[in-house]
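Labels below follow one simple rule: chain letters A, B, ... track the order of the sequence lines, proteins then strands, and each chain is numbered from 1.
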Amino acid sequence: MTPISRVGAFAARHRLSAVWGLLCALTLAGTQAARLGAVPALAVLALALAKAQIVADQFMGLRRVHALWRFLMLLYLSGVGALVAYAFISR
Amino acid sequence: MDSSTFATRPLALPAARPGRRRAAVREPLPGDLAIWFFIAAELAVFGVLFAAYAFARRAEPGLFAAGQAQLPLGIALANTLALLTSSFAVARAVESVRADRARACARWLGAALALGLGFVALKLVEFDRDAAHGFSLSRNLFDMFYLSLTVFHFMHVLMGMLILGFVAIKAARGGYSARAHAGVESAASYWHMVDLLWIVLFALVYLLH
């Protein structure tokens, strides 16, 4: 519940807008690439997991808290990603 | 691991001194600690469902490919953009209240709610379309997983909107300030979790062939 200054709020607005633009661009590019079959399935999966980590870090605010929480989220996403990837490549 | 790892109380930032590097200051987890236990439980449940979907797909790739080909990618993409944008709006709401701008916070939460409503409307269109195509829980394995995952997530969206609605009303009435806004941060954390899960779900169910 930490208050921030006006300067801090201004910087945060720009950072959040940039992150939102990046996430939308990655979504559109990833969807188009997957639709055309231009990239392997694992690349689509990796992109989705990277976007999820960005949401956790930038929108949820995990980049500001103890590194343990960020690591746990990374561990979760990596674990889910590894299981899904294994199911895809072992068929 | 020190006690600040689990701290949820306000943490004062030290004033920056010219010519000196400020030490990295870690803030406590946003919102109430309880919401993070809830989020962890939800992530675990969805993690198991995602893995189960992937392994079921491995057993019947043809069936899953045929089912995925019937899904409306355009609607799912629009829903992804809607949730990403609503998550952005919620993040802006949190930044607004941290800067002691409670009215702006309420407006951003209202925008997030409107986008959530858009998600719900599009999802209902998709479910109606699915029903017309004969999707049902008992038809086959793909339908069962697809409907279970998307309906379960849909319920989380509805719950998130309910929470955001309560918080938005309280924010509009001046119920939060820069010093006391744990409710906004808790609601925001939940909503970002809903967004995060949809990002993985969208890739897994709609994109991965």
Least distance between heavy atoms, [X] atom then [Y] atom:
X: A44(B); Y: Y76(A); value: N-CE1, 4.4 Å
X: P28(B); Y: V65(A); value: O-CG1, 3.3 Å
X: M60(A); Y: M193(B); value: CE-N, 3.6 Å
X: A52(A); Y: L196(B); value: O-CD1, 3.5 Å
X: A203(B); Y: A48(A); value: CB-CB, 3.4 Å
X: R92(B); Y: S17(A); value: NH1-OG, 4.3 Å

Using 30° and 60° as the class limits, which term best fits the ring planes of F55(B) and Y86(A): parallel, tilted or perpendicular?
tilted

Which answer fits [X], side chain, backbone, both or neither, if we ask what part of it has an atom under 4.5 Å from a heavy atom of chain B?
X: R70(A); answer: neither
X: V84(A); answer: both
X: I54(A); answer: neither

May I ask you to test the [X]-[Y] pair for a side-chain heavy-atom distance under 4.5 Å?
X: T31(A); Y: F202(B); value: yes
X: F59(A); Y: V90(B); value: no
X: R15(A); Y: E95(B); value: yes

[X] [atom1] to [Y] [atom2] distance, which is reported to the nearest 0.5 Å:
X: Q58(A); Y: S87(B); atom1: CD; atom2: OG; result: 12.0 Å
X: L207(B); Y: L45(A); atom1: CG; atom2: CG; result: 10.5 Å
X: S189(B); Y: L62(A); atom1: OG; atom2: CG; result: 8.0 Å
X: T80(B); Y: K51(A); atom1: OG1; atom2: NZ; result: 6.5 Å
X: H66(A); Y: L29(B); atom1: NE2; atom2: CG; result: 10.5 Å
X: R26(B); Y: W69(A); atom1: CZ; atom2: CH2; result: 14.0 Å

Quick check: are there more than 12 heavy atoms from other residues, nucleotides or ligands sitting under 6.0 Å from CZ of R103(B)?
no

Between L81(B), L43(B), V200(B), the one whose heavy-atom pairs under 4.5 Å with chain A are most numerous:
L43(B)

So which of A54(B), S96(B), S177(B) has the largest heavy-atom pair count under 4.5 angstrom toward chain A?
A54(B)

Is [X] in contact with chain A via its backbone, its side chain, both, or neither, using a 4.5 Å heavy-atom distance?
X: L77(B); answer: side chain
X: Y206(B); answer: neither
X: W36(B); answer: side chain
X: T85(B); answer: both
X: D195(B); answer: side chain
X: L84(B); answer: both

Salt-bridge test for E185(B) and R64(A): reply yes if a basic N is under 4.0 Å from a carboxylate O, no otherwise.
no

